[in-house]
Amino acid sequence: APRASTINPRVAPELDDLIAALLHRVPGERPGVTELLAWCARGRSPSTATRPAPAIAATSELVEREAQLDQLHAGFRQILAGKPTCIDIVGSAGTGKTALLRHFVAQLHEPDLVVLASSCSAREALPFRAFDGLVDALTGHLLRIDAAERDALIVPLGESLYALAQIFPVLARVPWIASQTPASVPEPPEMRRRAFHGLKTLLFRVAERRPLIVFLDNLQWGDVDSARLLDDLLAPPGVPPLLLVSAYRRDEATPMLRDINLLRAMVTPAYALRVVETPPLSLTGATQLALRLQAGEPSPRRTRSAEHIA
């Protein structure tokens, strides 16, 4: 397809590159959701980004969240030391849970960092929906890295990845995974066990090589199948040394959240756990944020407008 700039020379180079990437003839080479969000946040072409990441709020648009950022950075230091770490970001709707995580990722300066993000929706009724976006991002990661690293990650996991691809067909975009055929197809319970083992082991292998952050957003809308998969992922032995950040609303007691809380109550976690609250902004903080979001220089009129918004 012709580049957008050949039709409209005023198209910015970064946007021109993005459109070209989205129109790539090979679907597997097109940027995924996390890469698109990273482009929106950074103004960079997906082809030049060193890693996919969720959209990142500008530094000037985050207020009264210094203590929460400190907790996230402390958790990241733990995974750099090899300790699996879970951080729950808990707060009501609109308190900036997602923006907090994205802001934190923007502050990291790890060239090999891998960020796999997924988000649940109240409108979805699919099984394993908390992990759907994560596996999509993981597939994109496998397609981006060089063949030697990819083979080292996936070749020893043939049967497990075949089973995982039955739950998440997007993995078939990786040619080697698509070519796998087991000698015999196991019964559904065994297929499910192999699939869970495949994801857990693959994430472990990724985390052994690169710092890994997994972000599960809006977990209050997750399903029971997602809860079972998450339980398996965090159960010893072999918990991946990753930073798992889960954002959810505490006031919505859903099956997935109940399952997570039950597991934590029954089993001593094999990971460090931190809970980060995102309370509503104070009036001063809300006014400050509204001012920052307004275009132009501060003025008494803009201040009054910001106070009204707050």
Side-chain angles (χ1 to χ4, degrees), residues 22 30-42 46 49 51-58 61-62 65 68 72 75 85-106 108 113-142 164 167-171 173 199 202-203 206 212-231 233-234 240 242-260 275-278:
L22 288 169
R30 297 169 189 164
V33 173
T34 51
E35 291 167 299
L36 290 174
L37 292 175
W39 183 90
C40 292
R42 301 176 185 173
R51 55 182 166 86
I56 310 299
E61 296 178 8
L62 197 68
R65 293 292 183 257
Q68 290 86 345
L72 288 166
T85 302
C86 293
I87 297 181
D88 289 6
I89 303 179
V90 186
S92 302
T95 55
K97 299 183 294 297
T98 306
L100 173 65
L101 186 280
R102 294 169 177 171
H103 187 93
F104 157 67
V105 170
L108 298 176
L113 177 66
V114 177
V115 180
L116 306 177
S118 188
S119 180
C120 301
S121 170
R123 297 185 297 273
E124 290 181 330
L126 298 173
F128 300 103
R129 55 182 172 269
F131 287 88
D132 193 54
L134 183 152
V135 177
D136 185 60
L138 180 57
T139 302
H141 173 69
L142 293 174
L164 187 61
I167 297 176
F168 301 103
V170 68
L171 281 166
R173 289 168 54 193
L199 181 61
L202 182 54
L203 290 176
V206 172
L212 174 60
I213 297 176
V214 168
F215 179 39
L216 303 180
D217 199 6
N218 289 319
L219 211 57
Q220 73 276 0
W221 290 324
D223 58 292
V224 174
D225 288 312
S226 294
R228 299 291 183 267
L229 179 51
L230 184 60
D231 288 351
L233 185 66
L234 297 178
L242 52 73
L243 176 58
L244 173 64
V245 182
S246 303
Y248 57 87
R249 305 174 191 173
R250 177 172 286 159
D251 55 351
E252 298 193 25
T254 61
M256 183 164 187
L257 295 183
R258 286 196 296 269
D259 195 90
I260 293 171
V275 178
V276 174
E277 302 275 353
T278 55

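Asp223 and Ser226 form a side-chain donor-acceptor contact under 3.5 Å, judged by distance and modelled atom types alone.
Considering only residues two or more places apart in sequence or on other chains, Asp88 meets the salt bridge (Lys or Arg N to Asp or Glu O under 4.0 Å) condition with Arg264. Under the salt bridge (Lys or Arg N to Asp or Glu O under 4.0 Å) criterion, Glu277 pairs with Arg250, not counting sequence neighbours.
A donor-acceptor pair under 3.5 Å links the side-chain atoms of Thr95 to the main chain of Thr278, judged by distance alone. With Gln68 contributing its side chain and Val276 its backbone, the two residues share no donor-acceptor pair below 3.5 Å. Remark: side-chain polar atoms of Arg129 are paired, donor with acceptor, to backbone N or O of Trp221 under 3.5 angstrom. Checking side-chain atoms of Lys97 against main-chain N and O of Ser92 turns up a donor-acceptor pair under 3.5 Å.
A distance of 5.0 Å separates CD1 in Ile87 from CG in Leu243, rounded to the nearest 0.5 Å. Note that the SG atom of Cys120 and the CZ atom of Phe131 stand 9.0 Å from one another [nearest 0.5 Å]. To the nearest 0.5 Å, atom CZ of residue Phe104 and atom CD1 of residue Ile89 are 9.0 Å apart. To the nearest 0.5 angstrom, His141 atom NE2 is 8.0 Å from Leu212 atom CG. Atoms CG and OG1, from Leu171 and Thr139 in turn, are 4.0 Å apart once rounded to the nearest 0.5 Å. To the nearest 0.5 Å, atoms CG (Leu230) and OG (Ser246) are separated by 6.0 Å.
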Could you please spell out the steps behind the side chain to side chain contact (heavy atoms under 4.5 Å, CB included) verdict for Phe215 and Thr98?
CA-CA 9 Å; Phe215 179 39; Thr98 306; 4.0 Å; yes
Verify side chain to side chain contact (heavy atoms under 4.5 Å, CB included) between Leu134 and Leu216, making sure each step is shown before the conclusion.
CA-CA 8 Å; Leu134 183 152; Leu216 303 180; 4.0 Å; yes
Would Leu100 and Leu72 count as a side chain to side chain contact (heavy atoms under 4.5 Å, CB included) if you check the C-alpha gap in whole Å, the side-chain angles of each, and the deciding distance to 0.1 Å?
CA-CA 9 Å; Leu100 173 65; Leu72 288 166; 3.8 Å; yes
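Contact annotation: the side chain of Leu116 never approaches that of Ile213 to less than 4.5 Å [non-hydrogen atoms, C-beta and beyond]. Contact of the Leu244 side chain with the Leu234 side chain is registered, since non-hydrogen atoms from C-beta on lie closer than 4.5 Å. Contact annotation: the side chain of Leu202 approaches that of Leu138 to within less than 4.5 Å [non-hydrogen atoms, C-beta and beyond]. Contact annotation: the side chain of Asn218 never approaches that of Ser121 to less than 4.5 Å [non-hydrogen atoms, C-beta and beyond]. Put simply, the side chain of Leu219 reaches to within 4.5 Å of the side chain of Met256, judged on heavy atoms.
Listed here is the closest heavy atom pair of Ser118 and Ala130: OG-O, 2.8 Å. Between Val170 and Asp136, the shortest heavy-atom contact is CG2-OD1, 3.4 Å. Residues Asp225 and Phe128 come closest through the heavy atom pair O-CE2, 3.4 Å.
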